[in-house]
Every structure is written in C-alpha cells, then in structure tokens.
Number of protein chains: 2
Amino acid sequence: MDRSGAPYTPQTAAADVEATLLILEGRWKLLILFHLFDGSLRRFSDLERAIPAVSQKMLIQQLRQLETDGVVRRVVHHQVPPKVEYGLTDWGRALCPALDAILVWAAKREGG
Amino acid sequence: MDRSGAPYTPQTAAADVEATLLILEGRWKLLILFHLFDGSLRRFSDLERAIPAVSQKMLIQQLRQLETDGVVRRVVHHQVPPKVEYGLTDWGRALCPALDAILVWAAKREGG
DNA sequence: CAGCATCCGGAGCGATACTG
DNA sequence: CAGTATCGCTCCGGATGCTG
C-alpha cells in the first residue's frame, strides 16, 4: 500500500481499514489466528483437530491467504512423514492486542 | 449463553470465542461497526453513503443481525418521511477497544 | 426515506477421491 | 501427514421494482 507522503484523511483512513478488514475476512481466519495467538507453532493436523468444523480444503485455503497477506508464516520440515507448522509473523503478532480485546469482549457476554 | 456454574475449560472458551466470532462475521459488519465506532447515531442513508460498495439489501441484513445479536440498536422516529437511526448498544460499545486495536494494527501496515 | 419481495448468476464450501 | 483435484450444490449477494 503506497501511501508515500499522501495526506491522511478520513477517506484514506477508511480505505486502509477496509483493506485491512479484507485480510481478516473469511469464515475461519480469526478462529485460526486465535489458535496461533500464544505464539506457538501448530501443525496442519493440529489445526484440523482444533477446528473440527472446518474442512481440509477451507483450512488450507484460509491459511494460504493469511500467509500471502503476511500474517501467518509456514514452516516446512523436509522429512517423512511430512511436517508443516504454522505460526504468526511479526506483523501477525502485532494483531495480538486486537485478538485479546475480542477475547475480553467475548467474556463479557456471560458476565453481563 | 447459559454457562451456569460450568467449569471454564479451554474447550468452553473456544466455543465462546467461536460463538462470538459468528456475531462479527459477515462481509460488512466490522465496517458498519467502524462507522458507529464514535458512538454517534447514523441514519440508514448515511451508512449507505459511507459504505458505497454495500447494497441496500446487504446493509439492512447485516444491521438486522447485529441488532438481533445485541450489538447495534435501532432508533425509529415515527414521522414522515421516515427516519431510522442506528447506534451501538452498551455491549456494542464494549467492542470499541477491540475495534481500536484493529485500527492500530491497520496503521502499522504502511509504517512497517 | 427506509425497507421488503423477487429473480438469478456465481462464488463459496463440503464431500470425496487421489498424490507425494 | 499434508496437501491437490474435481464435482455438485447451497446460498450469498447484486439488480430491480414496489410499499408505507
């Protein structure tokens, strides 16, 4: 996103937010991010088990998009059987406060 | 969500998060919430203009769902021509820290 | 102005089978 | 284990027109 020296207006701000939301958008992305929240590396099959409702196809698709968008990194261990782990990038880790805030909000549902 | 005295386990936590994310899920919901972020009341046509890419149908649908889920409140002014305003509920306002955190994150994209 | 009803094309997604 | 490929259907969501 080349904003080189352009003035910061509510319009550009809105466009940025919109672009950013596109990254988070997707039926499973936030859920996936919550499982990587603690900074740990998780295997593909781990995530599959952690989110039973997601299909293999969707899981890999959403992971790929998150990877392309620079939120998630993919660590391939060249061995048999194959082992691939997923974790947050530095920028992805910067999302933690936001995820945490959502967590706090979720907790307020029952508590009132 | 009836969690009356049930033990708080990672599983129930995950379920809660999942349920909460369902509320935020939807192509336009977060965007709508950002426009109500400052606590102001916005008319239907205001939101339409603020989010040009959303169709009338989608806008009303997402607003209804947010209303049903208790995040947004609908204020009807009985007059002609009709006037309906939308704003955050108390619980919706509790989302602000999370929205703010996302805003901060979005700002980090260009800054590096 | 605010919102509902209807039509309809295409994206999204699950299920299944197959590969390295 | 970690994917890819293909099929088939659901339903999302845009366009249009109508109502109070």
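In this text, all values refer to a predicted model and were calculated from it rather than measured experimentally. The sequence lines fix the lettering, A, B, ..., with proteins before strands; numbering per chain opens at 1.
- Qualifying side-chain hydrogen bond (donor to acceptor under 3.5 Å, both in side chains) partners for B:E67, counting only residues two or more places apart in sequence or in other chains: none.
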Please evaluate residues B:L31 and A:E18 with respect to the criterion side chain to side chain contact (heavy atoms under 4.5 Å, CB included), reporting the C-alpha separation (whole Å), side-chain torsions for both, the decisive distance (0.1 Å), and the verdict. CA-CA 7 Å; B:L31 216 39; A:E18 218 156 321; 3.7 Å; yes
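- With sequence neighbours left out, the side-chain hydrogen bond (donor to acceptor under 3.5 Å, both in side chains) criterion links A:T89 to no other residue.
- Between the CG atom of A:L47 and the P atom of D:dC1 there is a distance of 14 Å, given to the nearest Å.
- Residue A:R74 places its side chain closer to D:dG3 than to any other of D:dG20, D:dC1, D:dG3.
- For B:R64, there are no salt bridge (charged side-chain N to carboxylate O under 4.0 Å, His left out) partners two or more places apart in sequence or in a different chain.
- With rounding to whole Å, B:H77 atom NE2 is found 18 Å from D:dG20 atom C1'.
- Taking atom CD of residue A:E48 and atom P of nucleotide D:dA2, one finds them 8 Å apart after rounding to whole Å.
- Heavy-atom contacts of chain A under 4.0 Å fall on DNA chain C between two terminal nucleotides, which in 5' to 3' order are C:dC13 to C:dG20.
- By the side chain to side chain contact (heavy atoms under 4.5 Å, CB included) test, B:A98 pairs with A:A101, A:I102, B:L95, sequence neighbours left out.
- Applying the side-chain hydrogen bond (donor to acceptor under 3.5 Å, both in side chains) test to A:H77 and every residue at least two apart in sequence or in another chain returns A:E85.
- Between the two ends of the helix from C:dC1-D:dG20 to C:dG20-D:dC1, each summarised by a five-pair axis, the helix axis turns through 50° (rounded to 10 degrees).
- Shown here are the side chain to side chain contact (heavy atoms under 4.5 Å, CB included) partners of B:V80, two or more places apart in sequence or in another chain: there are none.
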Filtered N/O pairs between nucleotides 12-17 of chain D and protein, under 3.5 Å:
| from | atom 1 | to | atom 2 | distance (Å) |
| --- | --- | --- | --- | --- |
| D:dG13 | N7 | B:K57 | NZ | 2.9 |
| D:dG14 | OP2 | B:S55 | OG | 2.6 |
| D:dG14 | O6 | B:K57 | NZ | 2.3 |

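- Residues satisfying the side chain to side chain contact (heavy atoms under 4.5 Å, CB included) criterion with A:Q61, sequence neighbours excluded, are A:M58, A:Q65.
- Taking the side-chain hydrogen bond (donor to acceptor under 3.5 Å, both in side chains) definition, one finds that B:Q62 meets it with nothing, sequence neighbours left out.
- Annotation: ring-ring contact (aromatic ring centres under 6.0 Å, His included) contacts of B:W105 (sequence neighbours excluded): A:W91.
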